[in-house]
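Working notes, structure below.
Fair warning: this is a prediction, and the values are worked out from it, not measured in the lab.
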Amino acid sequence: MVMRKGSNPNQKRKRVSKKDKKKAGKFKKHYLTQGQAIRRLQVDGQTFRRLCILKGIYPRQVKKKIPTGIRGVHKDANYYYTKDINFIMDDPILQKLRSHDTYDKKVLSKLSKHDMTGAKSIKNFYGGRYHISHILKERYPTFVDALKELDDALCHINLYASTIPPERPKIGTSEAIDAMDIKMLNKAKRLAKRFDEYIAQSHTLRKAFISIKGYYFQADIEGEKITWLVPHEGPLPAPKEVDYFTMLTFLEFYLVYLDFILFRLNKDLKQKKKKEDEEEENENNEFAEDFPASPEEVKLKEEYKQCSTLFSKFTFYISTETPSRILSMIIKSFGGEITNKETANWVTHQISDRPTIINRQAGRDYVQPQWVFDCINYRKILSTDKYAVGVPLPPHLSPFDEGKLLDSLGREYQPDKVKEMIEEAKEKKKKKKKKKTQ
C-alpha cells in the first residue's frame, strides 16, 4: 500500500453530504484555480500570466462561501472565472505562444550543441511576432471605453521612455523581451513625443504640477479627464529586482493601445479644425443660421479660448538646463511660441534655471520654470518679479488639491498666494460695481 506524504492511516475522513457535493459541483463549473487553468490551457505559469495581462483577465473574489473538505477546492487559492479561461482558449494567440515555447526549447538544445545553422532554421520556422489588435477591439468596444484606461498607459510608456536598458539576463523568451527590448523603448519614446505634439496642437492641457516623482499633468480629451505622470528628464537606472517580463508585457500591450488611440485622436483633430474653418465662414455669411448653444457648451468654449490664448502674445526661449520637452508642450498648448535663437529681438520671456545671468538683453523677462506652471494653473499671467532668476521662489501649490488644505497638525490654513488671489478678485468685483453705478 502506497501512502501519501502527510497522510495518517488512523485518521478518519470527514463525510461529505450530498448537498455539499452539489454545491462543490456548481462551484467548480463557475471557478477554476490558477493551477487548473494552467493545465487546461497547456502552458507554463509565465505564459499564463502573459495571456491574462493581454486579455485583461484577473483573479476574482468569490462572494459566496467556498465549500471545504472537497478535492480541488481551497480557501486560499486564486480563482478565475471558467468563462474567462474558455475565452482564452478560443483566441489564436494561445497557439502562437505555444509554438514560441517549443521554439525556445529547440533553440536552446541546438545552441548547446553549437549548431548555429540548425538554430537559424528553427527560428525561421517558428519565429515571428503575433498581433494583438483584435484583443483591443474585444476589450474596448467603444472609443470612450478606451480613453478611460489612458492614464495607466501614459504613465507606463513615459516611464520606459526615460529608462536605461540594463544588462540582458537569460530569461529565455523568443519575442525579444529577454530584458529590455531596445526597439520597444524607442517606440515608447516616439509615442510619448507624438502624444505631447497632440496635446500642444489640440490645446487640451488643463493642469500641471512639479513633484519629487516628476511632472503631473491633466488634460481634457473628448470629455474625459486624463491624468498622467512624466519622470524628470535624465536617464533612470533600471533596478535588477523588478520583474521585467511582467512589466514589459504591459508595455507591449500599451504600445499598441496608445498607437491606436493617437491615430483616432489625430483624425478627430483634423475634422475639428475643418469644422472651425466652416464656422468662421458661416459667421461672415449674413444668411447663415445656427441653433443656440447650451450653457455647458458655452463654458467649454470659454475655457478652451482662455487656455489656448493665455501665452498667445509671448515668445519664449528655453535654456538648455531646463526641461525643454515639458515646457515646450505646456507653452504651445496655451498658445505661446518658441524660438531657438537666443539673441532674437522678438523674444519676450527667457526661461532659465541658473543662479545668475551675465549677458542680459533688454526688453525680455528672465523667469524660472515654475512661473509657467503657476500661470496655467491660475489661468492668468502672474508678475515675473517673484519668479525672476536667482530669487527664492514662492510655494508651488498643487492644482489637484481642490479641497481644504491642512497642516501637519490637521488644522485648516490658506497659503499667502491664495489670500492674495482672493483679495485681487474682491478688488476687481468692487471696481466693476463702481463702473456700473457710474
Distance in Å, Tyr80 OH paired with Thr33 OG1, rounded so as to fall on 0.5 Å steps | 9.5 Å

Pairwise side-chain contact, Leu251 with Ile157, heavy-atom cut-off 4.5 Å (strictly under) = yes

Of the options Lys270, Arg264, Lys272, which is the one that meets Asp268 in a salt bridge (charged side-chain N to carboxylate O under 4.0 Å, His left out)?
-> Arg264

Quick one: CG on Asn78 to CZ on Arg60, what's the gap to the nearest 0.5 Å?
-> 13.0 Å

Gln368 (side chain) donor-acceptor with Val391 (main chain) under 3.5 angstrom = yes

Minimal heavy-atom distance between Ile226 and Ile221, with the atoms involved, is CG1-CD1, 4.1 Å

Validation row: Lys267, Gln271 side chains within 4.5 angstrom (heavy atoms) = yes

Heavy atoms of other groups near Asn340 CG, more than 12 under 6.0 Å | no

Approximate separation, where rounding is to 0.5 Å, of Asp374 CG and Ile381 CD1 = 11.5 Å

Summary of side-chain hydrogen bond (donor to acceptor under 3.5 Å, both in side chains) pairs that have at least one residue in residues 324-335, sequence neighbours excluded | Asn158-Arg325, Asp196-Arg325

Less than 4.5 Å apart, any side-chain heavy atom of Leu265 and any of Glu222?
-> yes

Nearest non-hydrogen partners of Gln218 and Leu205, listed with the distance | O-CD1, 3.6 Å

Answer yes or no on whether Arg50 is positioned over the face of Phe48, meaning its NZ or CZ is under 6.0 Å from the six-membered ring centre and within 45° of the axis.
-> no

Nearest heavy-atom contact between Ala208 and Pro399 is O-CG, 3.7 Å

Identify whether NZ of Lys or CZ of Arg in Lys83 sits under 6.0 Å from the centre of the six-membered ring of Tyr81 and within 45° of that ring's axis.
-> yes

Criterion side chain to side chain contact (heavy atoms under 4.5 Å, CB included) on Leu229 and Asp151, from CA distance to verdict | CA-CA 9 Å; Leu229 173 66; Asp151 302 358; over 6 Å; no

Between Asp91 and Glu138 the two heavy atoms that sit nearest each other are OD2-OE1, 4.2 Å

Backbone N/O of Asp353 and side chain of Glu321: donor-acceptor pair under 3.5 Å | yes

Calculate, to the nearest 0.5 Å, the distance between atoms OG1 and CD belonging to Thr322 and Gln350 respectively.
-> 9.5 Å

Going through the distances and angles, do Arg194 and Asp259 end up as a salt bridge (Lys or Arg N to Asp or Glu O under 4.0 Å)?
-> CA-CA 9 Å; Arg194 282 177 58 191; Asp259 201 359; 3.1 Å; yes

Run the side chain to side chain contact (heavy atoms under 4.5 Å, CB included) check on Ile85 and Thr82 step by step: do they pass?
-> CA-CA 5 Å; Ile85 304 303; Thr82 307; 5.6 Å; no

Does some side-chain heavy atom of Phe260 sit less than 4.5 Å from a side-chain heavy atom of Ser133?
-> yes

Considering non-hydrogen atoms only, spot the tightest contact between Asn86 and Arg40 and give its length.
-> OD1-NH1, 3.4 Å

Short side-chain to backbone donor-acceptor contact, Arg139 and Leu54, under 3.5 Å | yes

Quick one: are Val256 and Leu136 in side-chain contact, heavy atoms under 4.5 Å?
-> yes

For the residue pair Phe209 and His396, is the inter-centroid distance of their aromatic rings smaller than 6.0 Å?
-> yes

Value for CG (Leu159) from CG (Leu154), rounded to nearest 0.5 Å, stands at 12.5 Å

Taking everything shown except Phe143 itself, do over 12 heavy atoms lie less than 6.0 Å from its CZ?
-> yes

Shortest non-hydrogen contact from Leu382 toward Tyr378 = CD1-CD1, 4.2 Å

Is there a donor-acceptor pair under 3.5 Å between the side chain of Ser398 and the backbone N or O of Phe400?
-> yes

Can you list the steps and then say if Val43 with Leu97 is a side chain to side chain contact (heavy atoms under 4.5 Å, CB included)?
-> CA-CA 9 Å; Val43 293; Leu97 290 177; 5.9 Å; no

Answer yes or no: is there a donor N or O on one side and an acceptor on the other, between the side chain of Gln34 and the main chain of Gly45, under 3.5 Å?
-> no

Among side-chain atoms of Glu149 and Tyr257, is any donor-acceptor pair under 3.5 angstrom?
-> no

Just wondering, do Ile326 and Phe217 contact through their side chains at under 4.5 Å, heavy atoms?
-> yes

Without hydrogens or angle criteria, can the side chains of Glu233 and Ser162 be said to hold a donor-acceptor pair below 3.5 Å?
-> no

Under 3.5 Å, which donor-acceptor pairs link side chains of residues 304-316 to any protein atom two or more places apart or in another chain?
unit_1 : atom_1 : unit_2 : atom_2 : d
Gln306 : NE2    : Arg379 : O      : 3.3
Ser308 : OG     : Tyr304 : O      : 2.7
Ser308 : OG     : Lys305 : O      : 3.3
Thr309 : OG1    : Lys305 : O      : 2.5
Ser312 : OG     : Thr309 : O      : 3.0

Test log, rule side chain to side chain contact (heavy atoms under 4.5 Å, CB included), inputs Met247 and Tyr160 = CA-CA 10 Å; Met247 296 286 286; Tyr160 278 93; 2.8 Å; yes

With a 4.5 Å heavy-atom cut-off, do Pro394 and Tyr387 have their side chains touching?
-> yes

Between His232 and Tyr215, is the gap from one ring center to the other below 6.0 Å?
-> yes

Check: Thr47 main-chain N/O paired with Asp44 side-chain donor or acceptor under 3.5 Å = yes

Could you check if a side-chain atom of Ile351 sits within less than 4.5 angstrom of a side-chain atom of Trp371, using non-hydrogen atoms only?
-> no

To the nearest 0.5 Å, how far apart are SG in Cys52 and CD1 in Ile57?
-> 5.5 Å

